[in-house]
Amino acid sequence: MASPTDGLGRPLGVLRLSLTARCNLACPYCLPDGQEPPGLLSLEQRVVVVQAAVALGAHSLRLTGGEPLLHPQLEHLIEAVQPLRAQGLREIALTSNGTLLNASRARALREAGLDRITLSLDGADATSVARMAGLSDPRAGARTLEAVLAAIGHARDAGFDPAAGALKLNAVIQRGRNDDQLLPLAELCRRQGLELRLIEYMDVGNRNGWSPTDVVSASAMAERISSRWPLEPLERDLHSTARRWRYRDGSGGIAVVASVSQPFCGDCNRLRVTADGVAYTCLFAAPSSGLDLKPWLQPSINAVGLEQALTQLWHSRRDRYSEDRQASAAGHEHAEMAYLGG
Ligand code: SAM
Ligand code: SF4
């Protein structure tokens with residue numbers, strides 16, 4: 001089947017597959033559900049979904065959640081999709097808060113065939129980490145920070161090389177909550193040789209009480225860091241969510257994800273599938289706009305029907321919420337981030 005383009009001429013390139021809606025943290029800007037939705041997909045059903053997305057042109061698979069390391073079959077899934085590399089799958093990546101990434105898990109992920117890990121950490125001291133991760137006690141913040149720093153080492157030791165882009169750090173920045181962490185986080189990443197990916201706080205979900213005044217723009221974040229360690233911009237790669245900058249002193253670089261201040265809907269190539277098998281074509285989608293894929297996955301698998309349904313979904317896609325935020329925001333219900341797979 002030929003790769004479809006959507007209603008705005010955009011091809012499918014990335015499948016973000018959420019493995020669980022649950023998390024062991026409760027970051028107030030995300031606020032995941034305490035329980036899974038009913039009807040979680042099985043491993044076999046997930047492989048069929050990935051296969052269909054690859055047949056439609058997806059070359060990159062990002063495993064996410066919720067916290068994907070809570071999923072006991074994560075490594076099995078990574079192993080099971082390896083044959084799809086022969087059909088066009090080029091990269092398998094994971095986004096994780098890192099708190100459960102011990103040495104043996106990092107090795108198992110690498111051995112299973114995972115290419116890249118992005119860890120999330122929103123502060124470089126115990127108090128900031130506790131605040132951003134929804135932990136009431138700074139001692140819990142210290143333990144979380146320690147676990148994520150250890151996870152960086154475990155991932156590196158397992159072969160996820162930051163110099164090759166295989167290990168990066170995400171941080172969401174909220175005005176008045178952790179914008180004082182910009183320089184400490186940049187310093188931590190410079191020391192560790194990691195690319196720091198700074199994400200503008202987004203209006204995903206309905207629970208976080210998002211307000212535009214809480215957003216620190218990507219350009220303000222880059223400027224703040226550049227005033228301490230001068231930066232120069234690099235070209236944004238087509239279809240990338242991030243704009244990259246490099247340090248003039250040669251110590252790596254940062255990336256900024258400006259989905260609020262400089263939306264990149266124009267070349268967005270991402271399809272999202274939730275842990276219970278509902279497909280969404282935009283991060284800011286309304287809960288009711290998802291397409292439930294289960295009719296093609298159970299009681300028996302109908303791979304041809306699934307490909308046709310996804311092709312039709314992609315053909316009818318016209319989402320450009322972030323570019324149209326002002327016009328579309330009023331009364332707009334959003335699906336929650338941890339459910340959608342951020
Ligand atoms: N639990 C994993 C983690 O934290 O990396 C994976 C799922 S999490 C939803 C994926 C990414 O989305 C994280 O880097 C997180 O910081 C980011 N995120 C969550 N809510 C956000 C929001 N409202 N605005 C911007 N980024 C957000
Ligand atoms: Fe959990 Fe990630 Fe959401 Fe934080 S951002 S609550 S770590 S899913």
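Counting convention: from 1, in listed order, for ligands and their atoms alike.
- Look at G66 and you'll find a heavy atom under 4.0 Å from some atom of ligand 1.
- G65 does not count as a contact of ligand 2, since none of its heavy atoms falls under 4.0 Å from the ligand.
- Of all heavy-atom pairs spanning A130 and P138, the tightest one is CB-CA, 4.1 Å.
- Although no hydrogens or angles enter the test, the distance criterion places a donor-acceptor pair under 3.5 Å between the side chain of H315 and the main chain of T5.
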Check step by step if side-chain contact (heavy atoms from CB on, under 4.5 Å) holds for L310 and L12. CA-CA 10 Å; L310 282 175; L12 170 59; over 6 Å; no

Given side-chain contact (heavy atoms from CB on, under 4.5 Å), test M202 with V260 step by step and report yes or no. CA-CA 7 Å; M202 293 184 279; V260 179; 4.1 Å; yes

Given I173 and I199, is the side-chain contact (heavy atoms from CB on, under 4.5 Å) satisfied, shown in steps? CA-CA 6 Å; I173 301 297; I199 308 175; over 6 Å; no

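- Nearest protein neighbour of atom 20 (N) of ligand 1, counting heavy atoms only, is Y29 CD1, 3.3 Å.
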For side chain to side chain donor-acceptor pair (under 3.5 Å), just list the numbers for D122 and Y29, CA-CA rounded to whole Å, side-chain angles, deciding distance to a tenth of an Å, and then say yes or no. CA-CA 11 Å; D122 305 324; Y29 55 78; 2.5 Å; yes

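- Here the closest non-hydrogen pair linking R156 and L167 is N-CD2, 4.0 Å.
- A salt bridge between R143 and D137 is absent, with no side-chain N of the basic residue lying under 4.0 Å from a carboxylate O of the acidic one.
- To the nearest 0.5 angstrom, S251 atom OG is 13.0 Å from R191 atom CZ.
- Per-residue contacts place E67 under 4.0 angstrom from the following atoms of ligand 1 (heavy atoms of the residue considered): 1 (N), 2 (C).
- Protein heavy atom in closest approach to atom 26 (N) of ligand 1: V172 CG2, 3.3 Å.
- Of the candidates V148, N24, L119, N24 is the only one forming a side-chain contact (heavy atoms from CB on, under 4.5 Å) with N97.
- Atom CZ of R190 has more than 12 heavy atoms from other residues, nucleotides or ligands within 6.0 Å.
- Atoms of ligand 1 found under 4.0 Å from any heavy atom of S96, numbered from 1 in the order shown, are 2 (C), 3 (C), 5 (O).
- Taking every heavy atom of Y201 and a limit of under 4.0 angstrom, the matching atoms of ligand 1 come to 23 (N), 24 (N).
- Counting only heavy atoms of the protein, atom 3 (Fe) of ligand 2 lies nearest to C30 SG, 2.4 Å.
- Taking distance alone, with nitrogen or oxygen atoms compared against 3.5 Å, N170 approaches ligand 1 more closely than that limit.
- If you check which protein heavy atom lies closest to atom 24 (N) of ligand 1, you get M202 N, 2.9 Å.
- Residue side and main chain included, C23 places no N/O/S atom under 2.8 Å of atom 4 (Fe) of ligand 2.
- Atoms CG and CD, on L149 and E146 in that order, are 8.0 Å from each other to the nearest 0.5 Å.
- The residue from A21, G65, C23 that puts a heavy atom closest to atom 8 (S) of ligand 1 is G65.
- Near N208, with a cut-off below 4.0 Å to any heavy atom, the atoms of ligand 1 are 23 (N).
- In terms of protein heavy-atom proximity, atom 13 (C) of ligand 1 is closest to S120 OG, 3.4 Å.
- Remark: minimum distance from atom 9 (C) of ligand 1 to any protein heavy atom is reached at M337 CG, 3.5 Å.
- The part of P32 lying near ligand 2 is the side chain, judged by heavy-atom distances below 4.0 Å.
- Atom 6 (S) of ligand 2 has its closest protein heavy atom at C27 N, 3.3 Å.
- The ligand atoms of ligand 1 that sit less than 4.0 angstrom from a heavy atom of T64 are 6 (C), 7 (C).
- The residue from N97, L169, L283, T95 that puts a heavy atom closest to atom 10 (C) of ligand 1 is T95.
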